[in-house]
Number of protein chains: 2
Amino acid sequence: MVTIKDVAKASGYSVSTVSYALNDSDNIPQVTKDKIWAVAKKLKYYPNAAARNLKNKSTNNIGFFISGFTGPVYHKIYDGVASVINNSKYHLILSFSQNAKRMIRERQIDAAIIMCPQVEDSVIEHANRLGMPVFVLDRLDNGDEHTYSHMLDSYTGAKLATQQLVDEGHQTIAYLSGIVGSFVDDERYRAFHDVISSNGSIQEKVYFGNFTESSGYELVQQLQGTLPFEAIFCANDEMAIGFIKGCMEYGISVPEDISVIGFDNVDISQYINGGLTTIDVDQGKWGSEVAQDLLDVLDGKHVDKQKVCPVQLHLRNTTKKRAS
Amino acid sequence: MVTIKDVAKASGYSVSTVSYALNDSDNIPQVTKDKIWAVAKKLKYYPNAAARNLKNKSTNNIGFFISGFTGPVYHKIYDGVASVINNSKYHLILSFSQNAKRMIRERQIDAAIIMCPQVEDSVIEHANRLGMPVFVLDRLDNGDEHTYSHMLDSYTGAKLATQQLVDEGHQTIAYLSGIVGSFVDDERYRAFHDVISSNGSIQEKVYFGNFTESSGYELVQQLQGTLPFEAIFCANDEMAIGFIKGCMEYGISVPEDISVIGFDNVDISQYINGGLTTIDVDQGKWGSEVAQDLLDVLDGKHVDKQKVCPVQLHLRNTTKKRAS
DNA sequence: CTGAAAGCGCTTACAG
DNA sequence: CTGAAAGCGCTTACAG
């Protein structure tokens with residue numbers, strides 16, 4: 001491996017001068033820099049990251065931790081984050097939740113973005129003790145000094161979805177829950193309930209799912225294809241998709257027999273039943289805002305500790321006015 | 001930051017003994033290890049990765065470089081790779097193509113998996129000079145000592161697809177190319193042509209696309225909805241999907257009026273037209289085989305320099321026997 | 001403008 | 001069984 005020593009020897013300068021030149025220090029005249037750069041290039045010298053990181057106490061790497069890639073996850077967020085980070089001096093590194101603990105503790109990264117529930121709070125607290133900024137996505141902030149939280153506006157989204165079903169004139173409206181107790185599900189149910197309650201005559205039904213496609217599918221099976229409601233708001237798209245698949249098997253027409261709304265506007269939702277009505281999030285924008293805030297924090301700027309990401313109703317082909 | 005020195009001081013042992021104990025050396029009695037571990041835990045000591053990497057000349061990180069996340073990329077490969085790596089002492093790190101050069105040169109990783117054309121050959125050669133194993137996916141091997149290549153069996157897949165169309169009795173069969181000159185496209189066209197040629201009476205038509213959905217869509221537009229062929233093999237699913245969308249707009253029924261086959265079996269293909277007929281790849285298995293071979297190489301074992309990943313025809317709802 | 005030297009936090013022969 | 005010391009490859013006050 002060629003080290004800075006080799007460049008020093010070959011160029012006739014000292015190690016310090018080579019280091020200064022290569023890091024573009026003001027104290028080195030351009031001619032010297034040119035000579036040293038030429039030698040470095042000829043020798044194909046590249047600094048050893050471990051040595052540099054050890055000395056600098058920083059890595060210029062930003063860790064982005066996720067659960068996995070299969071399933072309709074939020075790919076556009078990654079690209080939104082990446083587009084911003086890639087234009088900075090930092091480098092984006094993705095890894096799975098189980099690596100977060102190690103990479104944070106061992107200081108392999110300067111900051112983290114965490115988008116998976118699997119990372120324990122204790123890990124985030126450890127990062128905070130190290131002074132490492134952590135951005136948590138769609139997860140409640142723990143109040144730590146260096147922790148920031150960007151969340152989808154689940155409440156508003158669920159309100160829009162439910163209101164749409166109410167406006168369509170359905171009399172009995174169901175909610176298919178995600179994992180009960182999760183922040184996201186709590187918010188979505190709360191909004192659903194609030195809207196239904198403020199419309200006296202409408203009946204509310206609640207079923208329990210777990211955010212997976214199969215839990216949506218299974219609901220139709222459990223009901224044996226006889227749906228005691230005219231519309232359903234599923235706490236996410238995957239369940240809505242499963243639910244619609246179930247309907248197909250029982251010959252239930254969407255949206256003629258039943259209106260279905262999801263949440264998230266995942267990639268595949270446009271292909272479901274000619275388009276799933278859902279709550280849309282500008283994921284790319286969400287990601288780039290997170291990334292920009294993160295860069296600002298690393299830059300010593302002040303940034304809001306909590307942000308909410310706006311959502312909107314995206315009407316497509318799975319909801320319909322009730323034929324009265 | 002708490003360092004090994006702090007643990008040494010607090011435990012009453014020397015830095016060397018602490019290091020040996022924490023690394024589970026045989027020379028340290030269990031009682032000593034226990035005492036030192038207890039102190040390390042109480043102090044929340046975790047080794048600094050940069051220092052360890054500098055000394056060890058390795059990082060235990062494996063880099064996986066990709067183009068981006070949007071579009072129907074091969075998520076299952078990532079999970080296949082990850083499932084194997086996560087059960088080893090190594091850690092998987094994903095990053096974008098533009099970071100590959102730096103991370104390889106600066107030795108931030110011990111090995112690389114490259115799944116994007118954007119990484120130049122020179123970078124791979126540099127890794128080879130460093131003795132760093134590199135696995136390239138669906139890309140021609142450059143013959144370097146430490147470079148391994150795992151490729152989809154494009155030729156066989158294209159042969160299966162074309163043969164299916166021939167067996168259905170179509171008389172004029174088209175090929176919609178990907179980027180001409182790319183290895184993948186060359187192979188797929190070669191197979192297409194071989195099959196057509198060996199069936200004397202069938203006519204071959206070739207159109208040029210670029211692997212994007214819009215290039216499939218535009219073909220229908222260019223032909224103004226009048227298709228001078230009865231079946232088409234598109235060099236990938238995205239183009240097939242675009243093509244089918246184009247057909248819908250012109251009122252052309254798939255598969256009644258035209259048979260369409262894609263290649264890759266991307267996630268969304270199951271939702272297209274009741275299911276796109278395509279060439280399927282067991283991506284999870286592909287990924288886990290790559291990862292296993294990589295671990296074997298890092299373990300000093302001998303491994304095939306080139307491997308081909310099998311494919312199979314997946315019949316769904318976009319091809320149909322010609323009504324004669 | 002340039003260089004000698006200290007030090008980042010580890011690991012590991014080596015000596016005892 | 002344990003410790004003193006060298007060294008991994010950089011950066012950066014400091015001195016001249």
Side-chain angles (χ1 to χ4, degrees), chain A residues 1-37 39-40 43-61 89 102-110 130-131, chain B residues 1-37 39-40 43-61 89 102-110 130-131:
Chain A
M1 198 180 62
V2 21
T3 73
I4 198 170
K5 254 186 175 168
D6 299 315
V7 179
K9 214 166 288 172
S11 66
Y13 287 95
S14 72
V15 165
S16 359
T17 302
V18 171
S19 175
Y20 282 125
L22 261 23
N23 287 307
D24 213 23
S25 157
D26 286 341
N27 298 322
I28 311 289
Q30 194 57 45
V31 266
T32 312
K33 284 184 188 171
D34 289 345
K35 276 190 241 166
I36 290 177
W37 266 110
V39 175
L43 261 48
K44 291 187 200 296
Y45 165 74
Y46 302 103
N48 179 303
R52 186 161 28 66
N53 294 347
L54 175 57
K55 191 65 192 162
N56 288 346
K57 295 181 176 305
S58 79
T59 64
N60 285 358
N61 286 147
K89 69 166 179 169
R102 183 186 56 92
M103 294 184 75
I104 287 174
R105 286 176 170 175
E106 302 186 351
R107 285 131 284 166
Q108 303 226 15
I109 51 179
D110 291 353
L130 294 170
Chain B
M1 197 180 62
V2 22
T3 72
I4 197 170
K5 253 186 176 167
D6 300 314
V7 179
K9 213 166 288 173
S11 66
Y13 287 94
S14 72
V15 165
S16 358
T17 302
V18 171
S19 175
Y20 283 125
L22 261 23
N23 287 307
D24 213 24
S25 157
D26 286 340
N27 298 323
I28 311 288
Q30 194 57 46
V31 266
T32 312
K33 284 184 189 171
D34 290 344
K35 275 190 243 168
I36 290 177
W37 266 109
V39 174
L43 262 47
K44 290 187 200 298
Y45 165 74
Y46 303 102
N48 178 304
R52 185 160 31 65
N53 294 347
L54 175 58
K55 191 65 194 163
N56 288 347
K57 295 182 176 303
S58 79
T59 65
N60 284 358
N61 286 147
K89 68 165 179 169
R102 181 185 58 91
M103 293 183 76
I104 287 174
R105 285 177 171 176
E106 302 187 351
R107 285 130 285 167
Q108 303 226 14
I109 50 179
D110 290 354
L130 293 170

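In the text below, chain A, chain B and the rest are named by the order of the sequence lines, each starting its count at 1.
Applying the salt bridge (Lys or Arg N to Asp or Glu O under 4.0 Å) rule to pairs touching residues 3-18 of chain B yields nothing, sequence neighbours excluded.
Atom CG of A:N53 is separated from atom NZ of A:K57 by 11.0 Å, given to the nearest 0.5 angstrom.
Following rounding to the nearest Å, A:K9 (NZ) and C:dG3 (P) show an atom-to-atom distance of 15 Å. As a whole-Å value, the separation of A:Q30 CD from C:dC1 P is 12 Å.
A:S16 and A:S19 share no donor-acceptor pair across their side chains, judged by distance under 3.5 Å alone.
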Check: How does protein contact run along nucleotides 7-14 of chain C, one letter per nucleotide 5' to 3', with B for base contact, S for sugar-phosphate only, - for none, heavy atoms under 4.0 Å?
Finding: BBBBBBB-
Notebook entry, point to check: side-chain contact (heavy atoms from CB on, under 4.5 Å) between B:D110 and B:N61: does it pass, once the steps are laid out?
Noted result: CA-CA 6 Å; B:D110 290 354; B:N61 286 147; over 6 Å; no
Next item on the list: Go through the steps to decide whether B:K89 and B:N60 satisfy the test side-chain contact (heavy atoms from CB on, under 4.5 Å), and finish with yes or no.
Entry: CA-CA 7 Å; B:K89 68 165 179 169; B:N60 284 358; 4.2 Å; yes
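Annotation: side chain of A:Y20 is not in contact with side chain of A:K33 (no heavy-atom distance under 4.5 Å). Annotation: side chain of B:R105 is not in contact with side chain of B:R102 (no heavy-atom distance under 4.5 Å). The shortest side-chain heavy-atom distance between B:Y13 and B:V39 does not fall under the 4.5 Å cut-off.
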Notebook entry, point to check: Starting at the 5' end of DNA chain D, what dot-bracket string do you get if Watson-Crick and G-U pairs under 3.5 Å are bracketed, crossing pairs use [ ], other-strand pairs use | and unpaired bases use dots?
Noted result: |||.||||||||.|||
